[in-house]
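Okay, structure first, notes after.
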Amino acid sequence: MLDEPRSGRLAAWGNALLAGLVSPDEAAHRIADDDAVHRVADLPGEEAPVGLTLALGRLRTLGATGLRVALPVSGHPLGLCGPPEFNARALEAGEAVLASGAGLGLVPETYEAGPEGGTGPDVHVEVVWRCLPVREAPPADVPSLGEAERELAEALREATELLSKLDVAGSGPVAQAALEAYRARAEAGRQVLAPGYPPRAVRVLELAQRVGALIGIAHQAGGDGREHGAAVSSSEIAARAEALRPVERTARRAQVAAYNSAVEERERHRG
């Protein structure tokens with residue numbers, strides 16, 4: 001959960017565009033980030049996939065007033081509202097974006113292009129957002145920002161206590177790399193949300209990412225402070241995953257609450 005989901009970038013910068021706070025070109029650039037290209041397929045009125053700039057403009061003309069994020073996993077349809085076909089595709093991808101007011105949802109499909117066996121800068125990721133109809137209904141299990149912040153405080157304590165019990169805090173090359181990556185991103189002062197989001201949303205998202213970093217370290221570290229290996233049995237790994245599941249669920253709920261907060265705030269003012 002260290003990495004920002006593509007659905008989060010699309011929703012955050014798409015919302016900034018819909019609010020008139022950024023230009024179409026800047027929104028498209030921020031959404032694509034390090035990916036080679038993003039296109040939107042099956043958009044009403046378009047026979048072929050189109051670029052992000054055109055797609056976001058078309059969503060606006062179709063009635064979209066805001067973009068919400070869904071981050072579902074098996075047994076937890078977080079942020080979804082149906083119908084079953086859309087839910088199934090979103091669950092397979094692990095994420096989706098819902099365009100409020102347009103009755104449409106977007107699910108990412110990723111493709112890697114580059115030389116066979118290539119890695120790093122040799123591999124380019126292309127993303128196609130598949131557009132499908134969705135229900136205009138409240139999304140599943142999304143907390144308010146206040147609820148998310150309170151739940152995260154407890155989740156952070158639980159994750160820290162688990163790491164202490166495992167004696168893995170900062171140990172092992174994988175754990176160390178994860179911590180260094182988190183610190184580097186934080187110190188760089190990267191913009192975790194687009195213009196138009198309340199400061200509390202930024203705080204909640206940062207805390208959710210911190211909890212996610214701890215979860216990743218706990219998953220990868222062995223019972224002796226090293227990464228998974230002979231020292232950790234399959235039953236111990238399963239028990240650890242079970243212990244982490246509610247913490248991970250809380251962090252995902254908080255992410256969705258943060259990304260969706262701009263839309264929720266606008267709708268409250270409108271209502």
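Quantities reported herein were computed from a predicted structural model and do not represent experimental measurements. This chain uses plain numbering: 1 for the first residue, then up along the sequence.
Residue pairs meeting the side chain to side chain donor-acceptor pair (under 3.5 Å) criterion with at least one member in residues 41-54, sequence neighbours excluded, are D42-R130, E46-R58.
The closest side-chain donor-acceptor pair between S100 and R68 falls under 3.5 angstrom.
Results of the side-chain contact (heavy atoms from CB on, under 4.5 Å) test with L59 over V40, L106, L54 single out L106 as the only residue that passes.
The heavy-atom pair separating A41 from V128 by the smallest distance is CB-CG1, 3.8 Å. Residue L18 comes nearest to L67 through the heavy atom pair CD1-CG, 4.3 Å, listed as atom of the first residue, atom of the second, then distance.
L104 places a side-chain heavy atom less than 4.5 Å from the side chain of P44. Within the 4.5 Å cutoff, side-chain heavy atoms of L71 are placed close to those of S7. At least one side-chain heavy atom of W129 sits under 4.5 Å from a side-chain heavy atom of H38. A 4.5 Å side-chain heavy-atom check between E4 and Y259 finds at least one atom pair inside the cut-off.
For R9, the side chain to side chain donor-acceptor pair (under 3.5 Å) partners two or more places apart in sequence, or in a different chain, are D35.
A salt bridge does not link E147 with R253: none of the charged nitrogens is closer than 4.0 Å to a carboxylate oxygen. Between R30 and E26, at least one side-chain N (NZ, or NE/NH1/NH2) sits under 4.0 Å from a carboxylate O, which counts as a salt bridge. Salt-bridge annotation for E95 and R6: absent, with no side-chain N of the basic residue lying under 4.0 Å from a carboxylate O of the acidic one. Residues R157 and E154 are paired through a salt bridge, judged by an N-O separation under 4.0 Å between the basic side chain and the carboxylate.
When the shell of 6.0 Å around CD of E92 is examined, it contains 12 or fewer heavy atoms from other residues, nucleotides or ligands.
Hydrophobic cluster membership of L91, counting Ile, Leu, Val, Met, Phe, Trp and Tyr whose side-chain heavy atoms lie under 4.5 Å apart directly or via other members: none, as it forms a cluster of its own.
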